[in-house]
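Okay, so here's the structure we're looking at.
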Amino acid sequence: MRPEVLRLLEAMDGRIPAFVFGPGTDVLAWNRLGARIGLDFDAMAEEERNGAFLIFLGPRTRELHPNWSEVADDTVAGLRAEAGRTPDNARLCRVVHELRERSEEFRLRWEAQAVQERMRGTKLYRHPEVGELVVTFEALVLPADPGQTLCTYTAEKGAASERALRALAAGLEAEAGAEVEVPVAEAEVPGAEVGAGVAPV
């Protein structure tokens, strides 16, 4: 991950949930609000941080996505589209192979050969803290970083989901305020980084 992209994620934190995805739907980086609306990537092993793995093999995704079947269809169709663009991508091939071996639901969808690349749309979450959350996403290809896509999530202005996002952001700020403050002498050490707020893989 380029430092400039990580800074962009951090700049959006507290206002816009955002992620960077790599080949095969690997989750490469995210900001705190991004993780707050979905899954705790910090608690996962690196090899588990993959969107397709989480949809088909994750224990919580059916609870998180009320429209799980639609999300599963879109995920496989997106992988099919990616395979058409980059058929020799080793990571993508490994992801597809493993899911075909481990998930019958994935295998059946893959064999249906639906192809669709969604660069924008709506996502529905059943959030344990704020209830139903409806957000629109924009997938922005990073031309300087082949295979990487920045995804942002926003809610309609004035809608309940916008208020829910604000509540989640306020919770993050409250948690940050409760953290132990770094002594001034330590904070001034050259190279020390305090409160980055962005998690790269």
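Rounding to the nearest 0.5 Å gives a distance of 8.0 Å between CG of Leu64 and CD1 of Ile55. Atom CZ of Arg62 is separated from atom CG of Asn67 by 12.5 Å, given to the nearest 0.5 angstrom. In this structure, CZ in Arg15 is found 13.5 Å from OG1 in Thr154, a value given to the nearest 0.5 Å. Atoms CZ and CD, from Arg109 and Glu104 in turn, are 10.5 Å apart once rounded to the nearest 0.5 Å. Distance CG/Leu133 to CZ/Arg36: 12.0 Å, rounded to 0.5 Å. The CG atom of Asn31 sits 9.0 Å away from atom CG of Leu172, with the distance rounded to the nearest 0.5 Å.
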Evaluate the side-chain contact (heavy atoms from CB on, under 4.5 Å) criterion for residues Leu99 and Leu57: first the C-alpha distance (whole Å), next the side-chain angles of each, then the deciding distance (0.1 Å), finally the verdict. CA-CA 8 Å; Leu99 284 170; Leu57 306 176; 4.0 Å; yes
Before giving the answer on ring pair (Phe, Tyr, Trp, His ring centres under 6.0 Å), spell out for Phe56 and Trp68 the whole-Å C-alpha distance, their side-chain angles and the decisive distance to 0.1 Å. CA-CA 10 Å; Phe56 287 96; Trp68 180 89; 5.7 Å; yes
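Taking the side chain as every heavy atom from C-beta outward, Met12 and Leu9 approach each other to under 4.5 Å. Two residues are said to be in side-chain contact when any heavy atoms from C-beta on lie closer than 4.5 Å; Leu6 and Glu10 fail this criterion. Here the side chains of Phe21 and Gln148 are not in contact, with every heavy-atom distance at 4.5 Å or above. In this structure the side chain of Val20 never reaches within 4.5 angstrom of the side chain of Asp145, judged on heavy atoms. At a threshold of 4.5 Å between non-hydrogen side-chain atoms, the residues Val130 and Ile37 do not count as touching. Side-chain atoms of Leu79 and Trp110, non-hydrogen and from C-beta on, do get closer than 4.5 Å to each other. Contact annotation: the side chain of Glu101 never approaches that of Glu98 to less than 4.5 Å [non-hydrogen atoms, C-beta and beyond]. Residues Glu4 and Arg7 form a side-chain contact, since some pair of their non-hydrogen atoms from C-beta on lies under 4.5 Å apart.
Ser161 approaches Ala155 most closely through the heavy-atom pair C-CB, 3.7 Å. Of all non-hydrogen atoms in Pro87 and Cys93, the two that sit nearest each other are O-SG, 3.7 Å. Scanning both residues, Leu150 and Ala18, for their nearest heavy atoms gives CD1-CB, 4.3 Å.
When atom types are taken as modelled, the side chain of Arg49 and the backbone of Met44 share a donor-acceptor pair closer than 3.5 angstrom. Checking side-chain atoms of Thr61 against main-chain N and O of Leu54 turns up a donor-acceptor pair under 3.5 Å. When atom types are taken as modelled, the side chain of Arg126 and the backbone of Glu63 share a donor-acceptor pair closer than 3.5 angstrom. Here the side chain of Glu48 pairs a donor or acceptor atom with the backbone of Ala45 at under 3.5 angstrom. Side-chain N or O atoms of Glu82 include one that pairs as donor or acceptor with a backbone N or O of Gly24 at under 3.5 Å. Listed for the Asn50 side chain is a donor-acceptor partner under 3.5 Å among the backbone atoms of Phe53. At least one donor-acceptor pair closer than 3.5 Å links the side chain of Asp13 to the backbone N or O of Leu33.
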Side-chain donor-acceptor pairs of residues 115-122 under 3.5 Å, sequence neighbours excluded:
from, atom 1, to, atom 2, distance (Å)
Glu117, OE1, Arg85, NH1, 3.4
Glu117, OE2, Arg85, NH1, 2.4
Arg118, NH1, Asp74, OD2, 2.5

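The 12-atom threshold is not exceeded at CZ of Arg102, counting heavy atoms of other residues, nucleotides or ligands nearer than 6.0 Å.
Under the salt bridge (Lys or Arg N to Asp or Glu O under 4.0 Å) criterion, Glu111 pairs with Arg100, Arg107, not counting sequence neighbours. For His127, there are no ring pair (Phe, Tyr, Trp, His ring centres under 6.0 Å) partners, not counting sequence neighbours.
Both Phe137 and Tyr125 belong to a common hydrophobic cluster when Ile, Leu, Val, Met, Phe, Trp and Tyr are linked at side-chain heavy-atom distances under 4.5 angstrom. The cluster map of Ile, Leu, Val, Met, Phe, Trp and Tyr, joined by side-chain heavy atoms under 4.5 Å apart, puts Leu165 and Val134 in different clusters.
With respect to Glu173 and Arg32, a salt bridge is recorded, a charged nitrogen being found less than 4.0 Å from a carboxylate O.
Aromatic ring pairs are classed by plane angle as parallel below 30°, tilted from 30° to 60° and perpendicular above 60°; the pair Phe19 and Phe41 is perpendicular.
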